[in-house]
2 protein chains.
Amino acid sequence: MAVTIKDVAREANVSPSTVSKVMNHSPSIPERTVKHVQEVMERLHYFPNLQARNFVRKTTRNIAFVTRLEPHIAFANPHMFDILCGVQEVLARKDYNLSIVGIHDLSESMATVERIIAQKSADGIVVHGSATTRDLTNLLIESKFPHILIGKPNFESQVCWIDTNNFISGQIAARHLCECGFKKIAFLGGTREDKIFTQRLNGFLSVMAEKGLNVPDEFIQYGDTSSECSFGLMNKLLACSVRPDAVICEDNTVAFGAIRSIHQHSLKMPEDIALICFDNYPLSEIMDPMPTVVDINVNDMGMQAATLLLRKIKNPELQVQTFTTLPVLKIRSSTRPCGTASAAPGKKPAKNI
Amino acid sequence: MAVTIKDVAREANVSPSTVSKVMNHSPSIPERTVKHVQEVMERLHYFPNLQARNFVRKTTRNIAFVTRLEPHIAFANPHMFDILCGVQEVLARKDYNLSIVGIHDLSESMATVERIIAQKSADGIVVHGSATTRDLTNLLIESKFPHILIGKPNFESQVCWIDTNNFISGQIAARHLCECGFKKIAFLGGTREDKIFTQRLNGFLSVMAEKGLNVPDEFIQYGDTSSECSFGLMNKLLACSVRPDAVICEDNTVAFGAIRSIHQHSLKMPEDIALICFDNYPLSEIMDPMPTVVDINVNDMGMQAATLLLRKIKNPELQVQTFTTLPVLKIRSSTRPCGTASAAPGKKPAKNI
DNA sequence: TGAATTTGAGAAATCGATTTCCTAAATGTG
DNA sequence: CACATTTAGGAAATCGATTTCTCAAATTCA
């Protein structure tokens, strides 16, 4: 049997209440008693039973991370794990536990969260965008259960969320290129309907307008985000009457196709044409040249989400609604000649499990 | 206040014991009482307090997943999250909770696990290779705490682990190439000291010996696993007096460099030269041609790990030591002409978070 | 010195389930 | 019909902490 508070009490010749008070730093226990009891606790290798403690305190010290989880999801979304790491990091510091709650289908998310709330199996919930539904947000609001969504929902809601600022991402990309001296900048690769793409594009255009730089219609090329498609789009761009001297790509894959086209035209990067893209995936680290990227700092986003959530748990009155994080620029050789590049050294994937 | 067992008992005109017995399917409760009580539970929206239940039952229904966790770890190891998904999947089915316990440094793993065991904050532990130390395995063995390591430790130990079979990976790669009719097969990209590389190489060689096929020394090229290095190695291979008609690459990055070299030599794949590599990373899905891979089914490995662990928790007498999973072959166009390929359709990374 | 106040620590209730008796009623048996 | 045997369900202890209330001892103050 494990050592309990009673064992410590008996051994220290005090009552269980006193031991409890020592553990909880009650002011009514004088220094010498504290020391004595702590000594006994140490000697008996006493660890308080967390279950008993949480049970009586009516807390769980646990945060649920609700997300869609499927085999090979790391392929479909390498961001998710980084977010998770950020959340875990902050929770661990405050002695909170993080538990993963996976759903397979959006239709499960409602029931899953209902159960968490009803059974009080967590003190708070982080809901990943992949598990967000309208019903779910309503439930979270009505139940007043501490929560935060990762990713702004695509509908109006009073729910609490955190997301990155795509408009600013577009601005950052544009500003960087302008600072490097490029003026004829093209934008490559999303579909007109895609909100994220549109926001980035608008951010880009706002900077161009601000600087008084012209963006001809043909400099904005829509398409899907496959590398084949972007290869074709880039060929088109390079055939324009006025050739762009820089291109912003919607993501790594798009950039990959674009670079292939640029190589085929025997153009030098960044001298003849510079390239910048959004997001930073492992792929970018083996591309030649390594592309400058505007990255969502997803790890930081996870940390912020956790911080906000904990604050809300501590202070339920708090009415934080939404939060936006700033993207970060990683300058690499596709916009700066080698040598001047301040590239973060890439780690290559470990082959072991 | 939440509804408790007493509220249900009062409303149903029975005692709390009866309600408890209904929940636990005790045989001494007749059908009509069961129905009546269940009806009341439903009506009152009663959910048993899990903390109270686990407390008295002396279980946690929680499994700790101990691993090194750092920002951008998804970059360094895309496998980890897939393993996690597999573990979670199986645990959820059995109503177990999965909680992530991250460490930053190997030196923390011992203390971390000690605490989990002492505080009984989990019923079992999964330790990822990145957190495995000799001390830790000793602790797990001595404490008889239910556990399983992901990845065979690189030292002798009685600890319980699960891993993939690299020797068989090598065999699978070789067999597949032989079946496709290739006979002059080269092996590209690891360092002599790397155990995994050596095992794969030996698996390959064993098949070649079995088939009576010769492997000239120059067909085995050692190097680091960068794509630059493998580009050079592949150039060397293609300059051999007898040119190989197939090449096995140590990983995706190696394959990436090798393919670049093959393209530069204007060779057709797989007609002039076939290529196969180990592991399946997102990179492989945008390579041209898409490479056939021998993949560790890490998701399945996570599932098996969880299954074994749960079995051990249920039956502590069980003396399972080690477990090995079989790699899977994903045939794509680098070894089979298009059309005959049975490639799994690749999902491209989602750009949203 | 005696009264008032502060301090230190214990007794007992509590949290919400489970589980072990135990008993009354129902049923079966000779 | 009397007695033995099931059956159904309740009373109460329990798990290991926390917390409130209480009180004796120590200290301060007039």
Side-chain angles (χ1 to χ4, degrees), chain A residues 1-41 44-62 95 97 115 117-123, chain B residues 1-41 44-62 95 97 115 117-123:
Chain A
M1 259 337 264
V3 181
T4 74
I5 199 173
K6 286 180 192 166
D7 300 319
V8 176
R10 193 178 318 117
E11 187 73 13
N13 270 316
V14 294
S15 73
S17 347
T18 304
V19 179
S20 172
K21 283 168 187 160
V22 166
M23 286 192 284
N24 295 292
H25 308 106
S26 159
S28 83
I29 308 287
E31 191 55 30
R32 42 178 296 280
T33 312
V34 170
K35 270 207 167 157
H36 174 224
V37 172
Q38 280 177 339
E39 195 187 289
V40 174
M41 296 199 306
L44 299 188
H45 294 291
Y46 169 72
F47 286 90
N49 181 320
L50 289 188
Q51 300 222 243
R53 168 179 290 175
N54 288 334
F55 168 48
V56 57
R57 282 189 182 162
K58 291 188 188 323
T59 89
T60 63
R61 284 263 148 187
N62 186 46
D95 274 320
N97 190 53
R115 248 197 21 197
I117 296 179
Q119 300 190 332
K120 294 179 187 305
S121 57
D123 296 345
Chain B
M1 257 339 265
V3 182
T4 73
I5 199 173
K6 286 180 191 165
D7 300 318
V8 176
R10 195 177 317 114
E11 186 72 14
N13 269 315
V14 295
S15 73
S17 346
T18 305
V19 179
S20 172
K21 282 168 187 160
V22 166
M23 287 192 284
N24 295 292
H25 308 105
S26 158
S28 83
I29 309 288
E31 191 55 30
R32 42 177 295 281
T33 311
V34 170
K35 271 207 167 156
H36 174 226
V37 171
Q38 280 176 341
E39 196 188 289
V40 174
M41 295 198 307
L44 299 188
H45 294 291
Y46 169 71
F47 287 91
N49 180 320
L50 289 186
Q51 299 220 250
R53 168 179 289 176
N54 288 333
F55 169 49
V56 56
R57 283 189 181 160
K58 290 189 188 324
T59 88
T60 62
R61 283 262 150 188
N62 185 47
D95 275 319
N97 189 55
R115 247 198 21 197
I117 296 179
Q119 300 191 330
K120 291 180 189 306
S121 58
D123 295 346

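So you know, we letter chains A, B, ... as the sequences are listed, proteins then strands, and number each from 1.
Summary of helix geometry: the two end axes of the helix from C:dT1-D:dA30 to C:dG30-D:dC1, each defined by five base pairs via their C1' atoms, are inclined to each other by 40° (rounded to 10°).
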Residues B:Val3, B:His45; criterion side-chain contact (heavy atoms from CB on, under 4.5 Å); working and verdict = CA-CA 7 Å; B:Val3 182; B:His45 294 291; 5.6 Å; no
Passes side-chain contact (heavy atoms from CB on, under 4.5 Å), B:Thr60 versus B:Asn54? Steps please. CA-CA 6 Å; B:Thr60 62; B:Asn54 288 333; 5.7 Å; no
Verify side-chain contact (heavy atoms from CB on, under 4.5 Å) between B:Met41 and B:Met23, making sure each step is shown before the conclusion. CA-CA 10 Å; B:Met41 295 198 307; B:Met23 287 192 284; 3.9 Å; yes
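Proximity of B:Lys120 to the phosphate of D:dG16: no side-chain N or O atom is located under 4.0 Å from OP1 or OP2. In this model, the phosphate group of D:dT18 is approached by a side-chain N or O of A:Arg53 to a distance below 4.0 Å at OP1 or OP2. Dashed line: the shortest gap from a side-chain N or O of B:Tyr46 to OP1 or OP2 of C:dA17 is under 4.0 Å.
Going from atom CG of A:Asn54 over to atom P of D:dT18 covers 10 Å, rounded to whole Å. Whole-Å rounding puts the B:Lys6 NZ to C:dA17 P distance at 9 Å. Here the P atom of nucleotide D:dT18 and the CZ atom of A:Arg57 are 5 Å apart, to the nearest Å. Regarding B:Leu50, its CG atom lies at a distance of 18 Å from the P atom of C:dC15, rounded to whole Å. Atom-to-atom, CE of A:Met23 to C1' of D:dT19 comes out at 13 Å; the value is rounded to the nearest Å. With rounding to whole Å, B:Met41 atom CE is found 11 Å from C:dA17 atom P. If you take CG of A:Asn49 and C1' of C:dC15, they are 14 Å apart, rounded to a whole angstrom. Between A:Ile5 atom CD1 and C:dC15 atom C1' there is a gap of 15 Å when expressed in whole angstrom units.
Here the nucleotide nearest the side chain of B:Ser17, chosen from C:dG16, D:dC15, D:dA12, is D:dA12. In the set D:dT18, C:dA17, C:dG16, C:dG16 carries the atom at the smallest distance from any side-chain atom of B:Phe55. Between D:dG16, C:dA17, C:dT18, one nucleotide has an atom nearer to the side chain of B:Ala52 than all others, and that is C:dA17.
A donor and an acceptor atom never sit less than 3.5 Å apart when one is taken from the side chain of B:Thr4 and the other from the base of C:dA17.
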When you compare the protein's N or O atoms with those of nucleotides 5-9 of chain D, which come within less than 3.5 Å of each other, and at what distance?
{"unit_1": "D:dG9", "atom_1": "OP1", "unit_2": "B:Thr33", "atom_2": "OG1", "d": "3.2"}
{"unit_1": "D:dG9", "atom_1": "OP2", "unit_2": "B:Thr33", "atom_2": "OG1", "d": "2.8"}

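Counting any heavy atom pair closer than 4.0 Å across all strands shown, B:Asn24 reaches sugar-phosphate atoms only and no base atom. Among the heavy atoms of the strands, none lies under 4.0 Å from A:Asp7.
Nearest heavy atoms, B:Lys6 versus B:Pro16: CG-CG, 4.4 Å. Of all non-hydrogen atoms in B:Pro30 and B:Ser28, the two that sit nearest each other are CD-O, 3.8 Å.
In this structure, A:Asp123 has no salt bridge (charged side-chain N to carboxylate O under 4.0 Å, His left out) partners at least two apart in sequence or on a different chain. For B:Ser20, the side-chain contact (heavy atoms from CB on, under 4.5 Å) partners two or more places apart in sequence, or in a different chain, are B:Ile5, B:Asn24. Remark: A:Asn49 pairs with A:Gln51, A:Ala52 by the side-chain contact (heavy atoms from CB on, under 4.5 Å) rule, at least two apart or across chains. In terms of the side-chain contact (heavy atoms from CB on, under 4.5 Å) criterion, residue partners of B:Val40 (sequence neighbours excluded) are, by chain and number, B:Val8, B:Glu11, B:Ala12, B:His36, B:Arg43, B:Leu44.
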